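Computed from a prediction, not measured in an experiment: that's the story for all the values here. Residue numbering restarts at 1 for every chain, and letters A, B, ... go by the order of the sequence lines.
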There are 2 protein chains.
Amino acid sequence: MTAQRRVVAEVLDGEHVHLTADEVHARAVAKLPEISRATVYNTLGELVSLGEVLEVSTDRRAKRYDPNAHQPHHHLVCARCGAIKDVHPMGNPMADLPDSERFGFTVSDVEVTYRGICPNCTAA
Amino acid sequence: MTAQRRVVAEVLDGEHVHLTADEVHARAVAKLPEISRATVYNTLGELVSLGEVLEVSTDRRAKRYDPNAHQPHHHLVCARCGAIKDVHPMGNPMADLPDSERFGFTVSDVEVTYRGICPNCTAA
DNA sequence: TACGAACTTGGACGTGATCCAAGGTCCTCC
DNA sequence: GGAGGACCTTGGATCACGTCCAAGTTCGTA
């Protein structure tokens, strides 16, 4: 556990929002000016493979990192500004996919993404 | 409607698979050798905004284009090779998101992505 | 103090997509 | 037929995001 890793972990832990790697880097630099982008990417990659953080790619732009890895949830995304909210829809989408629609796949995961326009963007 | 656009439309219409822009370009070149990548991107963009074709970004690699735009469906993706199948789960995920979880968003769309390993990759 | 393992750095590189200026095609109107 | 203009196409430059890599640094152990 180096100073760099601690800083990255703190950034994610401090704000329960969905930051891009660049945003994480920017905030990390504020705390530890000489931290490099590569290290931020490395550390994020490790946190993801440790299961501490989730990667979310809701659009074609940058991946975002979700510190809320321990509680299953889905996402609601603003199509205009990219803002992301965690949501907990009812039902069990995994059970909604009949065997006849699985084509022999071993299905391990399901991701539900709601899209819309957030209040801010609606107002603007 | 130029020759170039017709070729792109034919490529998508001919094969009911999910091609990347580069694959579309490669097949278009086979029919019309001097067509450029930029034109393929332009045309795909137009087809998408006309609602004739759907963009699917299931992974961090290239976008894929889905000619099956007129029938609502979701996707089952192989996490290893990227293969995509259209699926039709039961239930109505849109109705599963309670108002209390909408945070003032105008929710217009929901996308369900199942992930797993396809039979080919399981065998390999 | 010497050594090695692991981490960090910054710059180069790769991929997919988009942008843009220049040129081409085609229609319309005189 | 010819001029003008709208629209399309081209290919190369550029961008964004992410990854790779060789070199340097730090730190624990003996």
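- Checking the phosphate oxygens (OP1, OP2) of D:dC17, no side-chain nitrogen or oxygen of A:T20 falls inside 4.0 Å.
- Side-chain proximity of A:A62 to D:dG18, C:dT8, C:dA17: nearest is D:dG18.
- For B:Q4, a side-chain nitrogen or oxygen approaches OP1 or OP2 of D:dT10 to under 4.0 Å.
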Query - Derivation of the salt bridge (Lys or Arg N to Asp or Glu O under 4.0 Å) call for A:E46 and A:R5 - result: CA-CA 10 Å; A:E46 265 169 59; A:R5 295 189 185 196; 2.6 Å; yes

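- Both A:R64 and B:T43 sit near DNA chain D, but only B:T43 has its closest nucleotide nearer the 5' end.
- The shortest distance between side-chain heavy atoms of B:P119 and A:F105 falls below 4.5 Å.
- Cluster annotation: B:V110 and A:V77 are assigned to distinct hydrophobic clusters (Ile/Leu/Val/Met/Phe/Trp/Tyr, side-chain heavy-atom contacts under 4.5 Å, transitive).
- Contact check of residues 30-41 of chain A against DNA chain C (heavy atom, cut-off under 4.0 Å) returns A:E34, A:I35, A:S36, A:A38, A:T39.
- In the helix from C:dT1-D:dA30 to C:dC30-D:dG1, the terminal helix axes, each the rotation mapping four pairs' C1' atoms onto the next four within five end pairs, subtend 10°, rounded to 10°.
- Between A:Q4 and A:T39 the shortest heavy-atom distance is CB-CG2, 3.8 Å.
- Side-chain atoms of B:K85 and A:E101, non-hydrogen and from C-beta on, never get closer than 4.5 Å to each other.
- Heavy-atom minimum distance, A:P89 versus A:Y114: CB-OH, 3.5 Å.
- Picking from C:dT9, D:dT10, D:dC8 the nucleotide with the shortest atom distance to the side chain of B:N42 gives D:dT10.
- Looking only at atom types and distance, the side chain of B:D86 has no donor-acceptor partner in the side chain of B:H74 under 3.5 Å away.
- For DNA chain C, no neighbouring residue in residues 45-60 of chain B is found when judged by any heavy atom under 4.0 Å.
- Rounded to a whole Å, the CG atom of B:L44 is 15 Å from the P atom of C:dC19.
- Closest to the side chain of B:K63, from the set C:dA17, C:dT9, D:dT9, is C:dA17.
- The separation between A:R61 atom CZ and C:dT18 atom C1' is 14 Å, rounded to whole Å.
- By the 30° and 60° cut-offs, the orientation of the rings of B:H18 relative to B:H75 is perpendicular.
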